Amino acid sequence: MDPSEDPALFASLQSVIGSKINYKLAEDIDNLILILDAVIDWGENVEYQFQPTEEHMDAYNETLDGLKNLRTHFNDNKDEISQKREQNKN
């Protein structure tokens with residue numbers, strides 16, 4: 001894949017709105033965890049047509065592992081994250 005195409009577009013999109021989306025999602029950590037569960041479930045059960053899963057299993061496993069680690073982080077640190085957000089509001 002040409003790095004100046006899709007990866008560059010995604011990086012630009014993430015740079016512009018990624019932090020805003022992530023901040024909004026973390027307003028309700030329990031809901032964020034449910035969203036991550038749904039994304040993980042979808043990722044484990046959908047056969048991708050653009051980039052077949054069987055041919056790119058390492059990349060898919062790496063992505064799913066990252067999502068699972070993120071879910072664990074939010075689940076294990078709910079109270080701390082919520083407290084920091086409340087402190088930043090004031």
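Just so it is clear, the values below take in all heavy atoms, side chains as well, and ignore hydrogens, waters and symmetry mates. Because the structure is a prediction, the values reported are computed rather than measured. Throughout, residue positions are numbered sequentially from 1 according to the sequence presented.
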S.K.: Going by side chain to side chain donor-acceptor pair (under 3.5 Å), name the residues that satisfy it together with Asp30, two or more places apart in sequence or in a different chain.
M.R.: Lys78
S.K.: If you apply the rule side-chain contact (heavy atoms from CB on, under 4.5 Å), what do you find for Asp41 with Asp37, and how did you get there?
M.R.: CA-CA 6 Å; Asp41 183 58; Asp37 285 339; over 6 Å; no
S.K.: For the side chain of Asn77 and the backbone of His73, is there at least one donor-acceptor N/O pair under 3.5 Å apart?
M.R.: yes
S.K.: Might you confirm whether atom CG of Asp76 has over 12 heavy atoms from other residues, nucleotides or ligands at distances under 6.0 Å?
M.R.: yes
S.K.: Got a list of side-chain donor-acceptor pairs under 3.5 Å for residues 7-24, not counting sequence neighbours?
M.R.:
from	atom 1	to	atom 2	distance (Å)
Ser12	OG	Ala8	O	3.0
Asn22	ND2	Gly18	O	3.4
Lys24	NZ	Glu27	OE1	3.1

S.K.: Quick check for you: to the nearest 0.5 Å, what is the distance between Arg71 atom CZ and Leu34 atom CG?
M.R.: 10.5 Å
S.K.: Once you round to the nearest 0.5 Å, how far does CD1 of Ile29 lie from CZ of Phe74?
M.R.: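 Going from the CD1 atom of Ile29 to the CZ atom of Phe74 covers 6.5 Å.
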S.K.: Please find the pair of heavy atoms, one from Leu32 and one from Leu25, that lie closest to each other, and give the distance.
M.R.: CB-O, 3.7 Å
S.K.: Check for me, please, whether Val39 and Ile33 land in the same ILVMFWY cluster - side-chain distances under 4.5 Å, paths through other members count.
M.R.: yes
S.K.: Return a table of donor-acceptor pairs under 3.5 angstrom between the side chains of residues 63-70 and protein atoms on other chains or two or more places apart.
M.R.:
from	atom 1	to	atom 2	distance (Å)
Thr63	OG1	Ala59	O	3.1
Lys68	NZ	Glu44	OE2	2.9
Asn69	ND2	Asp65	O	3.3

